[in-house]
Engineer: 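First the structure, which I've put down as structure tokens, then a few questions once you've had a look.
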Amino acid sequence: QVQLVESGGGLVQAGGSLRLACTVSKTTVTEIGMGWHRQAPGKHRELVAMITSGLITVYADPVKGRFTISRDNAKNTIYLQMNSLKPEDTGVYYCKYQDEFEHWGQGTQVTVSS
């Protein structure tokens, strides 16, 4: 069973930075990729960034140029470096592992104050 553990969330002031990490318990041969999604209260969960098994990256327009997703295969871990944070980045950030199914982490709260 694939299990995900996230860390690195917290409270920061606008313009600050945070680094999220997500470690997966095991990988599968049918892996498509991993990514980060976020959800604010009353809103749908949305894609933030993803990285495929071939290391192709995709970013949502609001975070392009500010966020960077990366992967350390030796540690089965992905990271999300978030710079120049804005209040609208506030939400619960979820890590996702995608193979034939969607595997979700517990989520970590990111709060950006103005």
Side-chain angles (χ1 to χ4, degrees):
Q1 179 66 42
V2 175
Q3 293 183 309
L4 305 170
V5 179
E6 302 124 317
S7 63
L11 173 64
V12 298
Q13 198 148 332
S17 298
L18 283 173
R19 189 191 190 217
L20 307 183
C22 172
T23 299
V24 60
S25 61
K26 70 173 185 179
T27 58
T28 64
V29 295
T30 55
E31 176 189 327
I32 295 173
M34 297 182 67
W36 293 94
H37 297 242
R38 67 187 181 189
Q39 187 169 22
K43 295 184 177 180
H44 295 117
R45 190 174 299 183
E46 65 177 5
L47 172 72
V48 176
M50 67 172 291
I51 183 165
T52 70
S53 59
L55 301 183
I56 297 171
T57 57
V58 177
Y59 297 92
D61 285 340
V63 309
K64 286 181 179 177
R66 299 188 296 121
F67 291 11
T68 302
I69 189 170
S70 61
R71 181 167 187 164
D72 184 340
N73 287 330
K75 300 176 68 175
N76 289 334
T77 300
I78 63 166
Y79 304 90
L80 185 67
Q81 179 65 48
M82 304 185 292
N83 298 325
S84 301
L85 283 162
K86 304 174 180 180
E88 50 262 47
D89 294 319
T90 294
V92 179
Y93 283 67
Y94 297 91
C95 183
K96 186 181 79 172
Y97 182 89
Q98 182 74 56
D99 49 18
E100 306 103 308
F101 307 96
E102 292 182 346
H103 308 269
W104 293 95
Q106 180 81 3
T108 185
Q109 177 71 42
V110 172
T111 303
V112 184
S113 62
S114 59

Engineer: Quick one: closest heavy-atom pair of Ile51 and Arg71, and the distance?
Structural biologist: CD1-CB, 4.0 Å
Engineer: Considering all heavy atoms of both residues, which atom of Val110 and which atom of Leu20 are nearest to each other, and what is their separation?
Structural biologist: CG2-CD2, 4.2 Å
Engineer: Here's a test for you: under side-chain contact (heavy atoms from CB on, under 4.5 Å), which of Val63, Val92, Leu47 qualifies with Arg38?
Structural biologist: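 Only one of Val63, Val92, Leu47 forms a side-chain contact (heavy atoms from CB on, under 4.5 Å) with Arg38, namely Val63.
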Engineer: Ala40 and Thr90: which non-hydrogen atoms are nearest, and at how many Å?
Structural biologist: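 What the structure gives for the nearest pair is CB-O, 4.0 Å.
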Engineer: Could you tell me whether a side-chain N or O of Tyr97 sits under 3.5 Å from a main-chain N or O of Thr28, the two making a donor and an acceptor?
Structural biologist: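 A pair under 3.5 Å: yes.
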Engineer: Would you name the heavy atoms of Thr77 and Ala21 that are closest together and state the gap between them?
Structural biologist: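 Heavy atoms of Thr77 and Ala21 come nearest at CG2-CB, 4.3 Å.
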Engineer: Side chains of residues 1-15: which donor-acceptor pairs under 3.5 Å do they make with residues two or more places apart or in other chains?
Structural biologist:
| residue | atom | partner | partner atom | Å |
| --- | --- | --- | --- | --- |
| Glu6 | OE1 | Gln106 | N | 2.9 |
| Glu6 | OE1 | Gly107 | N | 2.8 |
| Glu6 | OE2 | Cys95 | N | 2.6 |
| Glu6 | OE2 | Gly107 | N | 3.3 |

Engineer: If you round to the nearest 0.5 Å, how far is OG1 of Thr27 from CG of Asp99?
Structural biologist: 9.5 Å
Engineer: Within the structure provided, determine whether Met82 and Trp36 are in side-chain contact (heavy-atom separation under 4.5 Å).
Structural biologist: no
Engineer: Might you work through the side chain to side chain donor-acceptor pair (under 3.5 Å) test for Asn76 and Thr23, ending with a clear yes or no?
Structural biologist: CA-CA 6 Å; Asn76 289 334; Thr23 299; over 6 Å; no
Engineer: Just verifying a value: how many Å separate His103 NE2 and Met34 CE, rounded to the nearest 0.5 Å?
Structural biologist: 10.5 Å
Engineer: Once you round to the nearest 0.5 Å, how far does OG1 of Thr68 lie from CD of Gln81?
Structural biologist: 7.0 Å
Engineer: If we count only N and O atoms by modelled type, under 3.5 Å, do the side chains of Thr30 and Glu100 hold a donor and an acceptor together?
Structural biologist: yes
Engineer: Any ion pair linking Asp89 and Lys86 (charged N to carboxylate O, less than 4.0 Å)?
Structural biologist: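 A salt bridge is absent here (no side-chain N lies under 4.0 Å from a carboxylate O).
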Engineer: Please confirm whether the backbone N or O of Gly65 pairs with a side-chain atom of Tyr59, one donor and one acceptor, at under 3.5 Å?
Structural biologist: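 Answer holds: no.
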Engineer: Nearest 0.5 Å, please: how far is NE2 in His37 from CD in Glu102?
Structural biologist: 7.0 Å
Engineer: Tyr93 vs Phe67 aromatic rings, parallel, tilted or perpendicular, using cut-offs 30° and 60°?
Structural biologist: tilted
Engineer: Considering only NZ, NE, NH1 and NH2 on the basic side and carboxylate oxygens on the acidic side, decide whether Arg66 and Glu88 come within less than 4.0 Å.
Structural biologist: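 No, no charged N to carboxylate O under 4.0 Å.
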Engineer: Quick one: pull up CD in Gln98 and OG1 in Thr52 and give me the separation to the nearest 0.5 Å.
Structural biologist: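 Between atom CD of Gln98 and atom OG1 of Thr52 there are 12.5 Å.
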Engineer: Rounded to the nearest 0.5 Å, what separation is found between the CH2 atom of Trp104 and the SG atom of Cys22?
Structural biologist: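 Atom-to-atom, Trp104:CH2 and Cys22:SG are 10.5 Å apart.
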